[in-house]
Structures are given as C-alpha cells and as structure tokens.
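The block underneath contains the structure these notes are about, expressed in structure tokens.
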Amino acid sequence: MFQFSSWTIILMMLVFYGGTYLLSLIIKKDKESTSGFMVAGHGVGFGMGAASMTATWIWAASFYAAATSGYKYGLSGPIHYGFWGALMILFIYPFGMRFRQLAPNGHTLGELINARHGSSSQLILAVSNLMGSLISLMVNFTAAGALVSVLSPLSFQTGVIIAAVGVLSYTLTSGFRASVFTDFAQLVALMAIGVVIIPAVLFAMGGPQAMFDGLPNLTAQQQDFFSSEAFLQQGAPYFVAVLAYAIGNQTITQRLFAIDKTKIKATFVTATVGYAGIVIGLGMIGLMALTVGIQPLDGDMNNIIPQMVSTYLHPIFIALFFILVIGSLSSTADSDLSALSTIMMADVYGKNIAKDNPNPRKMLVVGRATMIIATALGLIFASLKLDILVMLVFVGALWGAVVFPVIASVFWDRVTNLAFTAAVIVALIFFCIARFELIPIEGGVALLFEIFASVGAAVVIGLMVFGFFGRRLGFIAALITLVLMLIYATGFLRDYEVLLASLTAYGVSTIVCVALSLMSNERFDFELIKERVGSYDKPQGKAQGGTSAQPKA
C-alpha cells in the first residue's frame, strides 16, 4: 500500500484546517448573539441548509460503516446503509415542522420539552443528546486516526489529536454559524472528489468485470440482493436506529430550528437525495473489496476504504481522498460540538441554572467551554478504537426510548411529565436487559420481549406513516404491522438480539407512556410553549417569556 510521509500528511491537514479556520473568520461577528451562536438567527436559507444537512450526515460513518456493511453483507450491504440513512433525513421534516410551529424561536428540542413537561423530562432528553453527540464525536476522531495511521507512518493518536484541534479551532469562533458556512464548502469538495474517487477505484481494480469474476467467492447470502441475513443483521437494526437519530440527535433538530421555516421541506428532501447517492456509492467500495478478496488490515473493518484507495490509486487521488474523508468527518464533528454547546447553553444553563433569566455573555462562555471539554473527552474515548458500526446501532437503539414520548408530547395533550419520564427510564432498562442479556432471553421471557418488540415495530411504521399521511393511516399501518409481527416474529426475533433490543426500546416506551397518560385527566394548552420558549438575547425581564407558570417537574 502507498503511504505519504509524515510531513506530507501534517501539511495537508494544516492546509485544510487552516483554510477552514480562515473561512470561519470571514463570518465571525465582533459581538456574537446567543441565537446566532446556537442557530444562526433562525434564517439559514435553502442552499446553505441543504448543504449543511447533507455534509453533516455524510460523516466518518458514511465512509467506514457503509464500506463495512458492503464488505460484510455483499450486494445489498450498501443499500441497507445508505437508503435507511437517507430515510432518516426525510422522516424528521414533518415532525420538525411541528417543532417549529410550537416553538418558532427555539434552539433545542429540550427547550420545547421543558415548556411542555418541566425540567426532569428535559434533562432526560439533554443527557441522551449529550451521550449521543459525544459518541458521535468519538466516532469521527476515531475515523481520522484510522485514516492517518493507514496512509502515513504517523500513529493513530496523532491523527486523532490533529483532527480534534483543527475542528475545535474554527468551531470555537462562531459556533453553529461557522459549522453551517464551512459545511457548504466541505460538501462541494466532497461531491466533486467522490464523483472521481469511486469510479477510479473500480477501474483501477479491473472494472466491473473484476467484480463479476469475484462474485462466486461470496456466500449465498452475500450474493442475494434480498438477503434476509443482511436485512435482519444490518438493515432492520439500522433502520430502527436512524429513526431514533432523527429525533434524538441535536445536530438534526438544531438545523430544524436554524433553517428558514418556509424552506424546511425543500431542504430536507434535497438532503435525502444527496445523502443516498453519495453514501451508497461509498458503500460500494466495501463490496469491491469483498469481491477481490481484500482482507482488512489488522482485522479492523475501519481500514477497508483507506486500504482500497492506497492499494489501487495514484498518490494524487489518494491525497484527494484524504481531504474528502477529513472534510466529511470534520463537518460532522463541528456539528457535534455546536450541538453539545447548544444543549449546555439552553437546556442546562439557560433553563435549569439561570432559571429562564440567563446572562447572554455567560451563555457564550458556557458554550465555548463545552466545546473544549467535549473535544478533550472525544480524544479520550477515541483511544478505545471501538467498532464504528456497532456504536451507531447501539446509540440509535438507546435513543429509540425517547422517540414515541417526544412525538406524542407535541401532538397529544394528555401526555404527562410522569408518563414521559417513566417511559424513557423503563424502556432503557428493558433495552439493556435485552441487548446485554442481563437475564437469559429464552422461554416465556423471550416471548415477552418479542411482544414488546412487535409493539415497537408497529410504532416505527405507524409514526412514519403518521408523519406523512396523517393519524388515521398511521393507526392502520401500526395495527397491520403489529398483527404481522405477532404472527411471524414470535419465536424468531429472539435470535437477533440487536434488533430485538432496539424494537423493545420503542415498544416499552410507548406502552408505558400511553398507559400513564390515559390514567391522568390533565390537558395541556400547546399555545403556552410559544410563551415559554423565546430568545435569550432579549435585554429585559426573563428571556424565555416566563409569564406563564411552568409545569411541575
């Protein structure tokens, strides 16, 4: 395999991050407002919004995990990663429109939940977001370290440190505004280079004929485009996970609050198409490696794409590829830093420490301090070198516990704070039992979990249909799915612990949330949310409106 010298790699990273930092200085304001730092003043346009959404979600995992999926599962692997990931972007926009309708001046989903339920529910959502964004940050730094260690004599740790410092340097200046602005430039480079790199690898290894010649070496399941193994082991768990990402990931909801509300639908539809096209193509590199018999270096699946590129391409193309991956992981890492800072500024400091009367200057200090601490934690976690695909499915399943309580809270006036809190906590307990087999999952216990998972599958399908086609069709789709799952999944799903655990999180949270809500006679006036969620930059009184009594926590 070809390798660059240490100084060449360092120079390329310095040029990339130096240029990105200069871009961030162009848009830096002498007196940055909290709204500008967190959501760019709610006025991001269609072009910037679509580019930012696409670049943010085409991250390290889009390269490494997509290739891993293609390598493990063959012909259908790239589809199972790229298509479901794209569907996640599309899934969020109808619910995002509801978030913006209820809280037009909001910054985080946690603010909305605080106005709806109180601090305990908000903090549960904030903690899940903090965990998810930290793990996402770790994944991106891990990818940088793997790339640098394969393409140069430098160590994994060196690559992680350079990427972390580089991302922090430009995000610290203008927060989310810098993230969106640099995303646009990074996406342009990503698309231009991707169009060249993917065909170049294919023809360098011998063209489509080389892949056809290698197909007999694949297993029957890997050769089957409709592989049940690929669907049950990769497609279905990832499908469930990414729907949870759509609700639980602050990098997504932050853009929902930042984009001009008249441009949300066009922005997310465009990002869906762009993401699917690029990521499915990247996953094909893993399939190429499988057909020609490439063995992952050191047995690490994260090395597949760097290996293929460094083995088959000219150094100029390898340099372009290096910039491509660094740009993609940086666009998501800066979004994670912006998301983490916004959660700490709005959800933790603004709502729970300053009690709706924060000092805007202190808020900016909190945001920037959060970025520094998060970068340090990301460096520490990246040293663990965990499998990226496994981490994605795990985090998505954890977030599955909050999906139904969140969506129900913004449409159904009977959901209570107790229902929300208990649903998430109980669902997480059941998820951990199933995922880590804390008790033997067999016999009657396995059947019980399969029933919960069947409810979870019904919830997933029902919510998707509800988002696009309304309540009645959503209920019908959920009922049909539940019946089919109870018929075909019981006695079968227990053999697929990742999928079982993920769906259990959805099912248990829904059952608990609905049961406790129906036991209460409380009704909520959704108009109160607009009063309770406002701008932190207002000079007078309580920044959040504060005239209405907050719900009890």
Side-chain angles (χ1 to χ4, degrees), residues 1-17 58-72 77-78 139-163 166 189-208 210-211 214 278-279 281-330 382 385 387-389:
M1 295 189 300
F2 176 85
Q3 282 193 326
F4 293 105
S5 68
S6 298
W7 284 110
T8 301
I9 286 287
I10 291 174
L11 180 61
M12 285 195 291
M13 295 186 80
L14 288 177
V15 168
F16 175 82
Y17 285 118
I58 299 179
W59 56 322
S62 303
F63 288 77
Y64 294 87
T68 297
S69 185
Y71 189 87
K72 281 185 176 181
V139 166
N140 284 288
F141 291 162
T142 298
L147 182 69
V148 168
S149 64
V150 169
L151 294 183
S152 77
L154 293 173
S155 67
F156 171 87
Q157 289 77 12
T158 302
V160 169
I161 291 171
I162 296 175
L190 189 151
M191 294 180 67
I193 298 172
V195 168
V196 174
I197 291 293
I198 297 170
V201 172
L202 175 62
F203 286 101
M205 59 176 263
M211 291 185 66
I278 295 173
V279 173
L282 292 170
M284 292 298 294
I285 296 181
L287 177 60
M288 296 175 200
L290 177 65
T291 57
V292 298
I294 294 288
Q295 295 299 315
L297 186 66
D298 299 327
D300 188 349
M301 290 289 185
N302 296 337
N303 290 330
I304 291 175
I305 285 188
Q307 276 181 259
M308 289 292 287
V309 170
S310 61
T311 299
Y312 289 106
L313 295 186
H314 186 277
I316 293 177
F317 286 107
I318 300 174
L320 290 175
F321 167 77
F322 180 82
I323 297 299
L324 171 67
V325 180
I326 291 297
S328 69
L329 66 86
S330 297
K385 302 175 75 170
D387 185 285
I388 289 176
L389 191 57

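Heavy-atom basis, side chains included; hydrogens, waters and symmetry copies ignored.
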Check your understanding: Which heavy atom of Ser152 sits nearest a heavy atom of Ile9, and at what distance?
Key -> CB-CG1, 3.3 Å
Check your understanding: Tell me, do Met288 and Tyr312 make a side-chain contact under 4.5 Å, heavy atoms counted?
Key -> no
Practice item. Report yes or no: does Ser149 contribute a side-chain atom to a donor-acceptor pair with the main-chain N or O of Ala146 at less than 3.5 Å? Key: yes
**Study point:** Side chains of Leu282 and Ile198 in contact at under 4.5 Å (non-hydrogen atoms)
**Key:** yes
Review point. Sub-3.5 Å donor-acceptor pair from the side chain of Gln307 to the main-chain atoms of Val150, do we have one?
Key: no
Check your understanding: Where do Gly159 and Met13 come nearest, in terms of heavy atoms and distance?
Key -> O-CE, 4.2 Å
**Study point:** Minimal non-hydrogen separation, Ala204 against Leu313, with atom names
**Key:** CB-CD2, 4.2 Å
Review point. Is there a side-chain contact between Ile161 and Phe141, using heavy atoms and a 4.5 Å cut-off?
Key: no
Check your understanding: About how many Å separate CE of Met308 and CD1 of Ile197, when rounded to the nearest 0.5 Å?
Key -> 12.0 Å
Check your understanding: How close do Ala289 and Ile304 get, heavy atom to heavy atom, and via which atoms?
Key -> CB-CG2, 3.9 Å
**Study point:** Distance-minimising heavy-atom pair for Leu202 and Met211
**Key:** CD1-SD, 3.5 Å
Study note, to complete from the structure: Note: Pro153 and Ser5 closest approach over all heavy atoms is CD-C, 4.2 Å
Review point. Are Phe321 and Ile305 close enough that some pair of their side-chain heavy atoms sits under 4.5 Å apart?
Key: yes
Check your understanding: Which distance, rounded to the nearest 0.5 Å, do you find between the CD1 of Ile162 and the CD1 of Ile326?
Key -> 9.0 Å
Revision key, fill the gap. Here the gap from Ser6 atom OG to Leu154 atom CG, rounded to the nearest 0.5 Å, amounts to 4.0 Å
**Study point:** CD-OG1 distance between Gln3 and Thr8, expressed to the nearest 0.5 angstrom
**Key:** 11.5 Å
Review point. Does Tyr71 use its side chain to pair, donor to acceptor, with the backbone of Ile294 at less than 3.5 Å?
Key: yes
